[in-house]
Every structure is written in C-alpha cells, then in structure tokens.
Amino acid sequence: MEHNQEFFLKIYNLMDERYGEQNWWPADTAFEVVLGAILTQNTNWNNVEQSIKNLKKEIILTPQNILNIEDEKLKDLIKPSGFYNQKAERLKIISSFIIEKLGCDIKNIKEYPLITGRRMLLNLKGVGEETADSILLYAADIPSFVIDKYTMRMFYRIGFDIDMKYRKYYEIFMDNLPHDVKLFKQYHALIVENSKLFCRKKAVCKGCPLERTCLKKY
DNA sequence: AGCCAGGCCTGCC
DNA sequence: GGCAGGCATGGC
C-alpha cells in the first residue's frame, strides 16, 4: 500500500487530537524505564507497577542495587509481573551491561550511533526489538520508533500486508517520519491508547478515529 | 472461566 | 530465517 510522511502524520494528528498528550513512559528515572521495559514483556502494565512498587520499597532503583539483590529475593519482588524466573535474569544482565559498558547510566548509550547502540541492546539475552527500541526512545531519548503487537494489528487493519514483521514496520516508520523524540514517544503511546479502546482482537472499530479505514478483522 | 496483557528464547525445520 | 511452544501472574 501507498505510504508517505503525510499519511503517517495524518493518522498521528487524528489520534493526537482525540486523546491528547499521553506523557509516556510513566517512570521517575531512565533506569526505571529500563526495568519496566523488561518487566512489561507480554504482561499487563498493572502487574508491572506492582513489581516496581515492590522493588522501590526494597531498594533505590540503580543497576548496582539490582545486581546486589539475591536472585530468589528479586524473583519474589517481581513475581506480580509474571515470567519472574527469566525476567529476574534479564534484569541482572541488562544491569551489568549498563554498569560495565555505559558507566552506570543508560543515557550514555547516546554516545553511540543509533544502529550501534541498538545492536548492543539486541545482543543482550532477553532484549528483543521492541524492548530495545523502548529503552532507546523512552529511557535514552533516542528517536528509535517502537513497534508492538498493537501497532501491527492497527496498521494491518488500515491496509498493511498481514505478513509484515517488526523489522519491516520499523523501516517504514523510520523512513516516513521526522526523527523527533517527542513525536515518536507520543505516536507510540497514542497507538497503544487507541488499540486498547478499539483494536483488540475481537473488538469492532466503530468509534475509532480511523473507523473509515480500519475495517478489517485481525 | 477463559482470554489477554506495552515479548523473547529455544529447539526444531 | 521462520515458526510453535514455553514462560506466569493478575484483571476483566
């Protein structure tokens, strides 16, 4: 299907006017964004909040403090967000990465070109494309567009091919939008907001700002 | 009561 | 390189 910058900005404006400023990502620090990005993998944000609250009650959220927690203790604290065995390991892996390669601050990943920083994150066990892009965008303020299941479902309904994968979506969004951090943050947040209301699997699109084009089943 | 949630890894092919 | 199966809790 035909797509250009005007197309993507039009959809952005429709949602932006309807839903307003979303102020993503909800977190006090950049490192808290990193933790949330791991914890929210295939998990409701509500559960993540519970885990973060548990962690905050126990420690100040720094990479070193995460590393210092006993494994079993860490698993226990993040239990509400599920998959706690693998997520505990992933939190430790990315924490030591931040300490060893980034001088304890995820924002220092800015010193690398986007492609390089992105690859460094992707090389970590437990960090896939969406998690990497979420961290780059929302923790480090680097314009790397975040794709997720909602994005693909919504734009499939608008007319994109069913077999398009993350990488293809990523390329299209990166190629057809100005690389602006604020725009990228708000765009992804708006997609999630709209999808929660209108584009769940079995939902009908009536009332969706994209109603006229969003007619397909997923 | 099942389905879903802001995915990713492994082990096959 | 693509895909099924596993990972686990909590909300509706």
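Every chain is numbered from 1, with letters handed out A, B, ... down the list of sequences.
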### Message
Let me spell it out: for each of Arg90(A) and Gly82(A), pick the nucleotide of DNA chain C with the closest heavy atom. Which residue's pick is nearer the 5' end?
### Response
Arg90(A)
### Query
Within this structure, what is the CD1-to-P distance between Ile162(A) and dC3(C), rounded to whole angstrom?
11 Å
### Message
So Lys125(A), base contact, sugar-phosphate only, or nothing? Heavy-atom distance under 4.0 Å.
### Response
sugar-phosphate
### Query
Relative to the 5' end of DNA chain B, which residue comes earlier, Gly126(A) or Ser134(A), by the nucleotide with the nearest heavy atom?
Ser134(A)
### Message
Can you identify which nucleotide, out of dG2(C), dA5(B), dG7(B), has its nearest atom closest to the Arg167(A) side chain?
### Response
dG2(C)
### Spacing of Ile52(A) atom CD1 relative to dT9(C) atom P, expressed in whole Å
18 Å
### Task
Identify which one of Phe173(A), Tyr169(A), Tyr150(A) satisfies the ring-ring contact (aromatic ring centres under 6.0 Å, His included) criterion when paired with Phe155(A).
Phe173(A)
### Query
Out of dG7(B), dG2(C), dA5(B), which has the shortest distance to the side chain of Thr131(A)?
dG7(B)
#### Entry: Salt-bridge criterion met for Lys56(A) and Glu32(A) (N-O under 4.0 Å)
yes
### Query
For the pair made of CG in Leu35(A) and C1' in dG7(B), what is the distance, rounded to whole Å?
17 Å
### Query
Quick one: is dA5(B) close enough that its OP1 or OP2 comes under 4.0 Å of any side-chain N or O from Arg153(A)?
yes
### Message
Using a distance-only criterion (donor-acceptor N/O pair, under 3.5 Å, no hydrogens), is the base of dC7(C) paired with the side chain of Gln86(A)?
### Response
yes
### Query
Roughly, in whole Å, what's the span from CD in Gln50(A) to C1' in dA5(B)?
16 Å
### Residue whose closest nucleotide on DNA chain B lies nearer the 5' end, Glu129(A) versus Asn47(A)
Asn47(A)
### Whole angstrom value for the distance that separates C1' of dC4(B) from CG of Asn42(A)
9 Å
### Query
Can you tell me how far P in dC7(C) sits from the matching atom in dA1(B), rounded to whole Å?
25 Å
### Query
Closer than 4.0 Å, any side-chain N/O of Tyr84(A) to the OP1 or OP2 of dC7(C)?
no
### Message
Going by ring-ring contact (aromatic ring centres under 6.0 Å, His included), Phe145(A) matches just one of Tyr138(A), Phe184(A), Phe8(A). Which one?
### Response
Phe184(A)
### Task
Have a look at Leu124(A) and say if it touches a base, only the backbone sugar-phosphate, or nothing, with a 4.0 Å heavy-atom cut-off.
sugar-phosphate
### Query
If we take the P atom in both dC8(B) and dG10(C), what is their distance in whole Å?
22 Å
### Query
Phe83(A) has an atom CZ; how far is it from atom C1' of dG7(B), in whole Å?
8 Å
### Complement of dA8(C), any strand, by Watson-Crick or G-U distances under 3.5 angstrom
none
### Summary
Separation of dG10(C) atom P from Ile78(A) atom CD1, nearest Å, is 12 Å
### Message
With a 4.0 Å cut-off on N to O distance, would you call Lys75(A) and Glu72(A) a salt bridge?
### Response
yes
### Query
Which part of the nucleic acid does Val127(A) contact within heavy-atom distance under 4.0 Å: base, sugar-phosphate only, or nothing?
sugar-phosphate
### Query
Would you say Lys165(A) reaches dG2(C)'s phosphate, i.e. side-chain N/O to OP1/OP2 under 4.0 Å?
no
### Query
If we ignore angles and hydrogens, is there a donor and acceptor under 3.5 Å between the side chains of Ser51(A) and Asn54(A)?
no
### Query
Are side-chain heavy atoms of Ser195(A) and Arg153(A) found at a separation under 4.5 Å?
no
### Query
Whole-Å distance between dC9(B) C1' and Ile38(A) CD1?
13 Å
### Query
Does OP1 or OP2 of dA5(B) have a side-chain N or O of Asn46(A) closer than 4.0 Å?
no
